[in-house]
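Remember, it's a predicted structure, so these values are computed and weren't measured experimentally. Heavy atoms only: backbone and side chains are in, while hydrogens, waters and symmetry mates are out.
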2 protein chains.
Amino acid sequence: MSNAIEEKCKKKGVRLTDQRRVIAKVMSESDNHPDVDELHKKVNRHDSKISIATVYRTVKLFEEAGILAKHDFKGTKARYEETTREHHDHLIDINTGEIIEFVNEDIERLQKKVSEKLGYKLVDHRLELYGSKIKK
Amino acid sequence: MSNAIEEKCKKKGVRLTDQRRVIAKVMSESDNHPDVDELHKKVNRHDSKISIATVYRTVKLFEEAGILAKHDFKGTKARYEETTREHHDHLIDINTGEIIEFVNEDIERLQKKVSEKLGYKLVDHRLELYGSKIKK
DNA sequence: ATAATTGCAAATGCTTTGCTTGTGA
DNA sequence: TCACAAGCAAAGCATTTGCAATTAT
């Protein structure tokens, strides 16, 4: 249903095409973090003519427009997610590959502090936790 | 001079060859975090016959033996460093590419706490800070 | 109208691998 | 001796790109 990404494209002046609309729709509706191949497969259910090259190009375009975020988690190919309101980091289940988002202000603050102590202005960061589910 | 890695190989029962000795030596003496190509070039100054395939194989072997650590920082190829005594994370200078190591126990502790709160046992993690030098 | 976008296939860049010859313990 | 390692070139994978045809505005 929702196609929040298409709206963002309009807002940012990103030219829309049929293919981009489909890709936007699929990404808007996906809750997990698909890789390009998974995305391409889903997109092809709507329009089997859309090539993987277009998916690559679009995903990169959206990323440069700040609409999608790319993640290179350990041992997997690049994954994409819609850029959300608030910044968050990820915990990856090493057994299932499931990705859990979390926010921790204390860690954010400490990262900034560490950077400054080293004489740097923090511009970007990457924090990934890899864990296995605790069975109760 | 030093060849700490060769010692580690002996300790861990990793078979030594001329090529591996050279690679071990170069890595032992390098303070920065070389990528495979840089490493191969340095290695070739000692022995120009050593192929890049061997460098790839050796670096992977050492990594599996816990002697080297591999890092995939954003936007660069894989880099290697000798596994050191204590765990540390990295701050990458986005202008020069320089890599600064740091340790922060508070962050470590918080990561564990976050994982547990989410129902996971923390197995591994990745923390990278990207910053630009503050000019004074 | 026309600058941008697509699909296709070929090219890329990094890394791995099959195979034959060479070698460490 | 002989299982393992090295060198070479070919293959693999994810991603990018040149080009001719198509499309959005």
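Distance, B/Lys77 NZ to C/dT15 C1': 12 Å, rounded to whole Å. Here the P atom of nucleotide C/dG24 and the CD atom of B/Glu6 are 13 Å apart, to the nearest Å. Atom P of nucleotide D/dA5 and atom CD1 of B/Ile50 are separated by 15 Å, given to the nearest angstrom. Distance, A/Lys49 NZ to D/dA21 C1': 14 Å, rounded to whole Å. B/Asp18 places its CG atom 9 Å from the C1' atom of C/dG24, with the value rounded to the nearest Å. Taking atom CD1 of A/Ile23 as the reference point, atom C1' of C/dT5 lies 11 Å away to the nearest angstrom. The nearest whole Å value for the distance from the CG atom in B/Leu61 to the C1' atom in D/dA6 is 13 Å. Rounded to whole Å, atom P of C/dT15 lies 13 Å from atom CG of A/Asp72.
We find that A/Lys42 and A/Glu29 are not joined by a salt bridge, their nearest charged nitrogen and carboxylate oxygen being 4.0 Å or further apart. A salt bridge is defined here as a Lys NZ or Arg NE, NH1 or NH2 lying under 4.0 Å from an Asp or Glu carboxylate O, and A/Arg21 with A/Glu6 meets this definition. In summary, A/Lys77 and A/Asp72 do not engage in a salt bridge, as defined by a charged side-chain N under 4.0 Å from a carboxylate O.
In the interface, the side chain of A/Arg15 is not paired with the base of C/dA4 through any donor and acceptor atom under 3.5 Å apart. On a pure distance criterion of 3.5 Å, no polar donor-acceptor pair joins the side chain of B/Arg21 and the base of C/dG24.
The stretch residues 102-125 of chain A participates, sequence neighbours left out, in these ring-ring contact (aromatic ring centres under 6.0 Å, His included) pairs: A/His87-A/His125.
If you check C/dT17, C/dC8, C/dT15 against the side chain of A/Ala53, the one that comes closest is C/dC8. Nearest nucleotide to the side chain of A/Val36, out of D/dT15, C/dG7, D/dG7: D/dT15.
Within the 4.0 angstrom heavy-atom criterion, no nucleotide atom of any strand lies near B/Ile52.
Dashed line: the shortest gap from a side-chain N or O of B/Gln19 to OP1 or OP2 of D/dG7 is under 4.0 Å. Of the side-chain N and O atoms in B/Arg20, one or more sit less than 4.0 angstrom from OP1 or OP2 of D/dA5. Distances shorter than 4.0 Å separate none of the side-chain N or O atoms of B/Thr17 from OP1 or OP2 on C/dT23. For the OP1/OP2 pair of C/dG7 and a distance below 4.0 Å, the side-chain nitrogens and oxygens of A/Thr54 include at least one atom meeting the criterion. At the phosphate of C/dT16, neither OP1 nor OP2 sits under 4.0 Å from any side-chain N or O atom of B/Tyr56. For B/Lys60 and C/dT16, the shortest distance from a side-chain N or O to OP1 or OP2 is below 4.0 Å.
Residues B/Tyr80 and B/His71 keep their aromatic ring centres 6.0 Å or farther apart.
If B/Leu16 and B/Arg57 are placed on DNA chain C by their nearest nucleotide, the residue sitting closer to the 5' end is B/Arg57.
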